[in-house]
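Following: one structure in structure tokens, then a few remarks.
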Amino acid sequence: IVTYNIIIRGLCSLGRMEEAISLLNQLQNENLVPDLFTCSAIIDGFCKLKEIGNAKIFLKQMVTWGLEANIVIYNTIVRGLCKNDSISEASDLVEEMKSRGILPNSVTYTTLMHGFCCFGNLEEARRIFGVMKGSSLGVNVVSYTTLIGGYCKCGQMDEAIKLYKEMHLNGLSPNKYTYTVLINGYAKVGNREAASKLLDEMVNSGIVPDSVTYNAVMSGFCKEGRIEEAFKISDQMSQEGLVLD
RNA sequence: CGUUACAAGU
């Protein structure tokens, strides 16, 4: 079943659901039984195609195999709903999950936060952040990065930086994602200086930027008409062996 | 803990 799961996951991540389902049928013909890994792969596949309907149908199907949705399955659907602009349904699902005795984990919370951030509902995202912080889970670098990203998206760089500083006080180190979110935020509001400064901080703290990070920096330069400096960055990327995409 | 099973960046 592990072998099948690996292949099914591969197909699902490519959106090749017909083939995944046919493999699912094949393994059952060989008297193997799908497990939660199989199901999460397939549900995630449907969710990524925004086929929430199919994901829900599959969720019912699982029960006939004696499988109960676990936290990963719930999280996967919550994310699918968020991506499908159904944030309120996502919140409802989390409540339903709780009523079934499954407690949200860090992934659940950050998924919801991200959904609210995409909607520009920073109050709700921050509220969930507070819930996480007050729970035994605590907040982690992903929670911070998600919330920082929400503020960056809305151009509220002051709040974003406040959180960035707060992270350090809480003993958490920003990672490549955190820096890229912030750099992109500054680039978008036209503050290339702050963006460059963060890039330096990033490198000084031993984090290696990748092409996503550099692209964000360059967009800041280009936005302000500093094409030459942008070229310098792209040269540096090549020097570091990064592929220009 | 044979399956990077689910969360954050251009």
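These numbers were taken from a predicted model, which means no experiment stands behind them. Each chain gets a letter, A, B and so on, in the order its sequence line appears, and its residues count up from 1. Just so you know, these numbers use all the heavy atoms, side chains as well, and skip hydrogens, waters and symmetry mates.
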Short N-O contact, [X] and [Y], less than 4.0 angstrom:
| X | Y | value |
| --- | --- | --- |
| A:R100 | A:E95 | no |
| A:K232 | A:E228 | no |
| A:D158 | A:K162 | no |

Distance check needed: [N] [atom2] versus [X] [atom1], whole Å only.
| X | N | atom1 | atom2 | value |
| --- | --- | --- | --- | --- |
| A:R9 | B:rU3 | CZ | P | 12 Å |
| A:Y164 | B:rA8 | OH | C1' | 16 Å |
| A:F221 | B:rU10 | CZ | P | 18 Å |
| A:Y186 | B:rU10 | OH | P | 17 Å |

Using a 4.0 Å heavy-atom cut-off across all strands, classify [X] as base, sugar-phosphate, or nothing.
| X | value |
| --- | --- |
| A:T76 | sugar-phosphate |
| A:T213 | base |
| A:T146 | sugar-phosphate |
| A:I1 | nothing |
| A:T180 | base |

Counting side-chain heavy atoms from CB outward, which of [options] is closest to [X]?
| X | options | answer |
| --- | --- | --- |
| A:V212 | B:rA5, B:rA7, B:rU10 | B:rU10 |
| A:V72 | B:rU3, B:rG9, B:rC6 | B:rC6 |
| A:N140 | B:rG9, B:rA7, B:rC6 | B:rA7 |
| A:S106 | B:rA5, B:rA7, B:rG9 | B:rA7 |
| A:V142 | B:rA5, B:rA7, B:rG2 | B:rA7 |
| A:N184 | B:rU10, B:rA8, B:rC6 | B:rU10 |
| A:V107 | B:rU3, B:rA7, B:rU10 | B:rA7 |
| A:N175 | B:rC6, B:rG2, B:rA8 | B:rA8 |
| A:N70 | B:rU3, B:rA8, B:rA5 | B:rA5 |
| A:R79 | B:rA8, B:rA5, B:rU10 | B:rA8 |

Ignoring hydrogens and angles, does a donor from either the side chain of [X] or the base of [N] sit under 3.5 Å from an acceptor on the other?
| X | N | result |
| --- | --- | --- |
| A:N5 | B:rA5 | no |
| A:T110 | B:rA7 | yes |
| A:S40 | B:rA5 | yes |
| A:T178 | B:rG9 | no |

Q. When you compare B:rC1 with B:rA5, how far apart are their P atoms, in angstrom units rounded to a whole number?
A. 10 Å
Q) When A:N75 is tested against each of A:N70, A:L93, A:T110, A:T108 for side chain to side chain contact (heavy atoms under 4.5 Å, CB included), which residue passes? A) A:T108
Q.
Measuring only between side-chain heavy atoms, which start at C-beta, is A:R16 closer than 4.5 Å to A:C12?
A.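 Of all side-chain heavy-atom pairs linking A:C12 with A:R16, none is under 4.5 Å.
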Q | Ring centres under 6.0 angstrom apart (A:Y109, A:F129) | A | no
